[in-house]
Novice: 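What follows is a structure written as structure tokens; I'll ask about it next.
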Amino acid sequence: MSVVALVVSAAPADAATEPTAPPPSPGEVIPGQRTDTPSLVRGIREQAPDKGSAAAAARAYLDGEQGRYRIPDAERDLVPAGTTTADGRETVRLQQRHRGVPVLGGQYVVRMERRGGERVVTGTSGKYFTELSTGTTPEVGEALAVERAVDAVLTELGDRNFAASLPREAETPLEGTARGLVVLPTGSGVLTRHVTVHGTDPATGEPVRREVYVDARAGYPVLQYSGIKTFGAPGTTAGQSGAGAGQSGAAGAGGPRQVVAAEQGTGIRLNGATVALDIERDDTRGLYVLRDRTRLPADNVLSTWDARGKWVTDVGGQWPEGLQEFGSPTPGFGTEATDSGAVDAHWAAGQVYDYFKGKHGRDSLDGRGMTVNSLVGVTDYGQSYVNAFWDGQKMVYGNGDAEYRPLSAAMDVVGHEMTHGVIEHSANLVYAGQSGALNEAIADYFGNAVEADVYGIPATDPDSGLLGERLCRTKTPRECALRDLADGRTTAKSFLGVGFAVDNGGVHLNSTIVGGALWDAREDLGAEVMDKVVYKALTEYLTPLDGFTEARAAVLAAAQDLRLPTADQKVLQRAFTAHGIVPGWESALGVDSDLLLDRINTSGTSLGAGGGWWAAAKSNEDGSEPYSVWAGRGNGEGSVKLMSPNDGRYHVNPATDGKTVVWQAVGADGVDILSRPLAGGPVKKLWQGRNPGSSVDVDGDLVAFDYVTYGGRRAVAHLSIKDPANVETIGGGTYHRAWAPSVSHGKVAYQERRRVRAEYAVSTRVIDVATGENRAIQLASDGIGLGPTAINGTHVFWLLDDDATDGKRALRRAALDGSGVVDLSPETGPNALNAYDVTVSEDRATVGSHVADAPLSNESAPKLYQFAASGAPDDPATRKGRVSCNRGEQSSAAAVAGGQVVWLDSTTGITDVVTRPRPAGRCD
């Protein structure tokens with residue numbers, strides 16, 4: 001999975017360049033990139049038009065009258081998205097629309113002061129994309145967009161978890177909800193249908209919530225990322241959280257409530273401390289409940305709900321039936337409330353509310369007194385769930401395990417999750433890539449700031465930057481903590497470029513780089529000063545697609561607005577610089593590979609290679625055009641060749657044998673399999689179907705591919721380029737699935753699961769196309785995960801997982817007659833890998849692998865490992881080690897010839913097609 005750039009960079013506030021036109025009053029103007037509208041204007045005092053409301057005045061101010069903004073029709077294309085007021089200041093957020101369609105991340109902020117009934121503009125910032133020209137009439141209906149989005153998520157989950165074999169009756173189906181049209185702000189714009197896919201992962205049982213954007217003309221999913229906002233990164237805890245629309249107020253309590261009065265109760269926290277609780281007597285239940293009316297206005301409440309016995313899948317995306325606020329027969333809440341984490345959650349939520357209200361004048365998470373709901377005691381299918389999340393309406397806390405207390409036991413965890421709510425109702429930072437890492441960093445910052453404020457922890461305390469350090473029962477704080485804002489990570493040494501399938505593009509992986517800069521500055525400048533600076537930057541400067549560089553600019557601008565002394569502003573600059581957050585930092589990340597094709601800007605498409613050539617799908621530099629297929633020589637000589645027509649479809653998943661390129665062309669009317677000789681000639685249509693799969697392979701005249709039938713059922717087909725009408729298909733039914741084909745020397749390898757009488761037979765198979773013989777290379781027990789296959793002239797290779805709980809997958813090899821079955825990479829032991837992809841030449845087998853259930857890091861991010869294709873598994877020479885020592889995500893490897901492979905490398909945060917002449921071996 002390649003990285004799709006979501007961040008549009010801008011120069012930092014301390015490195016301003018000259019504006020295109022001088023402002024009419026003194027001020028600093030930072031030009032935006034890929035837009036004529038400045039990313040930041042500050043230090044001005046200009047009269048705002050007299051238009052009544054703050055939003056109307058802000059729009060009128062931007063509407064073409066001020067030459068610097070280049071917004072010709074602001075009153076039509078900018079829609080009010082919220083106004084906050086404090087101490088005579090007004091901050092207006094405006095959402096960009098293109099011909100009436102919302103633009104993802106297109107948000108502009110106008111800051112004003114109001115004195116004596118008049119408004120003065122003091123600054124603006126954000127992103128208004130001026131180059132958009134795309135049409136806004138969709139050619140793909142909602143139903144097809146939802147189907148394509150669901151199939152895309154199912155395919156990704158199936159490929160990752162080897163779950164393509166699951167029969168429909170054993171699956172928990174995913175569902176898609178259409179959210180309307182959205183323009184992606186790349187180049188001239190891409191019109192998409194936004195679909196939220198939600199449900200349960202059919203292999204792992206974990207909740208799923210994906211935001212998918214489907215091209216509204218071609219029906220191809222061009223962007224998808226998780227909507228989950230967890231405290232712990234996936235792989236570091238017992239499970240992942242779900243996200244969705246919760247239910248506010250007491251609507252889940254089962255009807256009207258008879259309220260007597262707010263009361264004071266007590267409870268014992270998990271650390272043994274007795275605390276006061278704001279509670280209420282609920283006469284309908286005859287109990288005192290954890291419901292606080294003392295803080296919020298009108299009928300809004302701060303409530304803590306008993307979710308013991310609820311699975312995380314029950315609460316991810318919906319409000320569970322029968323849920324009730326935690327109750328007690330007396331005002332003194334007892335052991336159950338303590339052990340479940342209810343006392344901690346209720347008390348801590350009040351502390352977080354008081355912090356934002358007292359320190360920043362913010363009334364609840366949305367700034368307007370919204371209800372605050374906390375759910376405690378959630379499990380993972382009845383087992384331990386060591387995580388917490390915010391889902392847009394509520395906080396959900398896992399029940400913990402033998403070592404980790406319920407997640408609400410840590411003040412910084414509660415502060416972190418509630419800050420996600422503050423972020424969502426202010427800058428609304430997109431939870432993917434750099435903007436997602438910034439989202440996590442700010443949640444970490446304020447989570448720790450609240451904890452430090454409540455407990456009186458000085459900023460100089462060496463443990464003040466730890467997150468989750470109070471959760472453990474036996475471990476020391478440093479052993480227990482999930483992250484440390486004082487870990488000293490920098491962009492140059494620590495940034496990990498990964499695709500959105502890994503930690504949503506590194507939202508936890510990279511968060512402490514910018515979070516560390518903020519925390520270092522807090523230690524130097526003091527909590528009181530720095531907390532105000534960060535809050536002002538969040539609520540008055542940052543916009544949804546901002547990344548690290550924009551964060552630096554926003555924080556420095558906020559510091560200037562707060563009139564910090566010059567020396568303190570320099571401290572801030574040094575803090576960001578020390579963490580490598582400087583202009584152009586991305587270009588300084590070193591790699592050990594050779595570039596073949598840069599900035600491919602694609603998503604969900606793999607590479608192909610063979611016979612000394614490679615093939616890749618590429619969009620234009622800004623990602624606004626449908627993908628086209630290009631091919632080049634593996635040694636980098638000569639120019640790359642355009643293989644596909646420019647017909648508005650998405651040309652993806654190419655394969656080549658060094659003579660022919662074969663690929664998928666995805667459009668609104670379905671998917672075609674196309675081919676074209678590398679030597680030149682016309683494009684030939686080989687096959688047409690409804691929905692695409694993820695695998696295509698070619699060798700000589702033989703082509704094999706998988707596809708998806710209606711309902712997400714996987715099937716395999718093979719055909720002859722010379723006689724494509726004579727196509728053979730396998731699977732595609734409710735009780736018969738096939739997937740992961742590969743071809744070589746007239747043979748097709750694939751995986752199959754089919755119902756035979758009352759049982760299912762699962763097998764790795766090889767077809768000899770010339771003779772028609774279909775041989776079962778090895779039978780597997782039902783429930784074992786079978787992954788991708790690869791085949792050469794002598795052996796077939798495949799990945800399998802016979803223990804889904806151990807986080808390891810084997811690379812297995814057999815002769816083409818099924819004899820000599822061995823594991824080149826075992827599933828157990830010190831040399832085991834968690835392999836998820838495989839490619840082979842006649843000499844070498846290369847697998848992509850990542851470390852499962854481990855803290856996300858350079859070592860655990862996806863990497864490539866190589867083996868001798870015909871070596872003995874116990875021979876040390878068989879395992880060749882790492883292909884490359886690049887620290888970012890390495891994916892979609894394809895064997896060129898010998899030991900050379902090409903792959904997609906995301907080390908710099910931008911995806912390139914790269915290679916090495918030989919494997920790197922060890923990476924010490």
Side-chain angles (χ1 to χ4, degrees), residues 230-233 236-237 271 348 351-352 355 359 388 404 407 409-420 422-423 436-472 475-496 503 506-535 537-538 548 551-552 555 568 571-581 855-857:
T230 59
F231 177 74
T236 63
T237 59
N271 64 4
Q351 300 301 311
V352 177
Y355 168 85
K359 299 288 185 180
Y404 284 86
L407 272 289
M411 172 65 72
D412 52 9
V413 175
V414 176
H416 176 104
E417 297 309 331
M418 291 180 67
T419 300
H420 274 311
V422 174
I423 295 168
L438 180 57
N439 192 318
E440 278 295 307
I442 293 173
D444 280 351
Y445 178 91
F446 282 115
N448 265 8
V450 174
E451 182 179 72
D453 186 70
V454 171
Y455 294 147
I457 302 170
T460 55
D461 187 315
D463 286 347
S464 68
L466 298 178
L467 287 135
E469 76 278 10
R470 288 177 170 81
L471 287 173
C472 287
K475 292 181 180 179
T476 66
R478 285 208 165 270
E479 292 173 327
C480 183
L482 275 73
R483 286 187 295 284
D484 182 5
L485 291 177
D487 60 11
R489 299 177 75 240
T490 68
T491 57
K493 295 181 179 179
S494 314
F495 180 82
L496 281 177
D503 188 32
V507 299
H508 297 90
L509 271 171
N510 297 315
S511 64
T512 59
I513 298 174
V514 64
L518 299 175
W519 203 250
D520 287 353
R522 192 178 195 266
E523 180 176 347
D524 292 335
L525 299 179
E528 193 74 22
V529 170
M530 194 58 192
D531 290 2
K532 290 181 179 178
V533 170
V534 178
Y535 182 78
L538 170 67
F548 293 2
R552 174 183 175 128
V555 168
D568 288 356
V571 168
L572 281 173
Q573 293 179 22
R574 285 196 299 270
F576 282 103
T577 301
H579 286 264
I581 304 172
L856 291 167
S857 64

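Bear in mind that the values here come from a model prediction, so they are computed numbers and not experimental data.
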Novice: Is there a donor-acceptor pair closer than 3.5 Å between any side-chain N or O of Thr512 and the backbone N or O of Gly515?
Specialist: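 Checking the backbone N and O of Gly515 against the side chain of Thr512, no donor-acceptor pair under 3.5 Å is found.
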Novice: Identify the two heavy atoms, one from Leu471 and one from Ala409, that lie closest to each other, and give their separation to 0.1 Å.
Specialist: CD2-CB, 4.3 Å
Novice: Kindly compute the distance separating CE (Met418) from CD (Gln351), expressed to the nearest 0.5 Å.
Specialist: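 Result: 10.5 Å between the selected atoms.
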Novice: Taking the side chain as every heavy atom from C-beta outward, state whether Val422 and Phe446 have any atom pair closer than 4.5 Å.
Specialist: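 Val422 does not reach Phe446 side chain to side chain.
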Novice: Only counting residues at least two apart or in another chain, list the ones meeting side-chain contact (heavy atoms from CB on, under 4.5 Å) with Asp484.
Specialist: Leu466, Arg478, Ala486, Asp487
Novice: Please report the closest heavy-atom contact between Gly468 and Cys480, naming both atoms and the distance.
Specialist: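 Nearest heavy atoms, Gly468 then Cys480: O-SG, 3.4 Å.
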Novice: Looking at residues at least two apart in the chain, or sitting in another chain, which of them share a salt bridge (charged side-chain N to carboxylate O under 4.0 Å, His left out) with Glu451?
Specialist: Arg470
Novice: Return the CG to OH distance between Leu485 and Tyr445, rounded to the nearest 0.5 Å.
Specialist: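 Spacing of CG (Leu485) from OH (Tyr445) equals 9.5 Å.
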Novice: With sequence neighbours left out, write down each residue that passes side chain to side chain donor-acceptor pair (under 3.5 Å) with Thr476, or none if nothing qualifies.
Specialist: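 For Thr476 the side chain to side chain donor-acceptor pair (under 3.5 Å) partners, ignoring immediate neighbours, are Glu479.
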Novice: Search all heavy atoms of Thr577 against all heavy atoms of Arg552 and return the closest pair with its distance.
Specialist: OG1-NH1, 3.2 Å
Novice: Which residues satisfy the salt bridge (charged side-chain N to carboxylate O under 4.0 Å, His left out) test with Asp412, sequence neighbours excluded?
Specialist: none
Novice: Checking Tyr404 now: which residues fulfil ring pair (Phe, Tyr, Trp, His ring centres under 6.0 Å) with it, not counting sequence neighbours?
Specialist: none
Novice: Name all residues meeting the ring pair (Phe, Tyr, Trp, His ring centres under 6.0 Å) criterion together with Phe576; count only those two or more places apart in sequence or in a different chain, and write none if there are none.
Specialist: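 With sequence neighbours excluded, Phe576 shows a ring pair (Phe, Tyr, Trp, His ring centres under 6.0 Å) to no residue whatsoever.
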Novice: Is there a side-chain contact between Val514 and Ile581 in this structure, where contact means two heavy atoms from C-beta onward sitting under 4.5 Å apart?
Specialist: yes
Novice: Please identify each residue that fulfils salt bridge (charged side-chain N to carboxylate O under 4.0 Å, His left out) with Glu417, with sequence neighbours left out.
Specialist: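 Checked Glu417 against salt bridge (charged side-chain N to carboxylate O under 4.0 Å, His left out); zero matches.
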Novice: Mind checking the OH-OH spacing from Tyr535 to Tyr355? Nearest 0.5 Å is all I need.
Specialist: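 Output value for this atom pair is 10.0 Å.
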Novice: Are the side chains of Leu518 and Met530 in touch, meaning some heavy atoms are under 4.5 Å apart?
Specialist: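 Of all side-chain heavy-atom pairs linking Met530 with Leu518, at least one is under 4.5 Å.
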Novice: Taking Thr491 for the side chain and Gly580 for the main chain, is one N or O donor matched with an acceptor at less than 3.5 Å?
Specialist: yes
Novice: Apply side chain to side chain donor-acceptor pair (under 3.5 Å) to Ser464 and list each qualifying residue two or more places apart in sequence or on a separate chain.
Specialist: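 Side chain to side chain donor-acceptor pair (under 3.5 Å) check on Ser464 returns Trp519.
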Novice: Do Leu467 and Asn448 come close enough that some side-chain heavy atom pair is under 4.5 Å?
Specialist: yes
Novice: Can you pull out every salt bridge (Lys or Arg N to Asp or Glu O under 4.0 Å) where at least one residue sits in residues 508-524? Sequence neighbours excluded, please.
Specialist: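 Pairs touching residues 508-524 that pass the test: Arg522-Asp531.
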Novice: I'd like to check Val454 versus Val352 (side-chain heavy atoms, cut-off strictly below 4.5 Å). Are they in contact?
Specialist: no
Novice: If you look only at pairs with a residue in residues 452-461, which of them pass as a salt bridge (Lys or Arg N to Asp or Glu O under 4.0 Å), with sequence neighbours excluded?
Specialist: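 Only Lys359-Asp453 qualify under salt bridge (Lys or Arg N to Asp or Glu O under 4.0 Å).
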Novice: Measure from the side-chain N and O atoms of Ser511 to the backbone N and O of His508, and report whether any donor-acceptor pair falls under 3.5 Å.
Specialist: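 At least one qualifying donor-acceptor pair exists.
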Novice: Check step by step if salt bridge (Lys or Arg N to Asp or Glu O under 4.0 Å) holds for Arg483 and Glu440.
Specialist: CA-CA 11 Å; Arg483 286 187 295 284; Glu440 278 295 307; 3.7 Å; yes
Novice: Looking at residues at least two apart in the chain, or sitting in another chain, which of them share a side-chain contact (heavy atoms from CB on, under 4.5 Å) with Ala443?
Specialist: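 So Ala443 forms a side-chain contact (heavy atoms from CB on, under 4.5 Å) with His416, Thr419, His420, Ile423.
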Novice: Shortest non-hydrogen contact from Ser494 to Asn510?
Specialist: O-OD1, 4.0 Å
Novice: Tell me every residue that passes salt bridge (charged side-chain N to carboxylate O under 4.0 Å, His left out) with Arg489, counting only those two or more places apart in sequence or in another chain.
Specialist: none
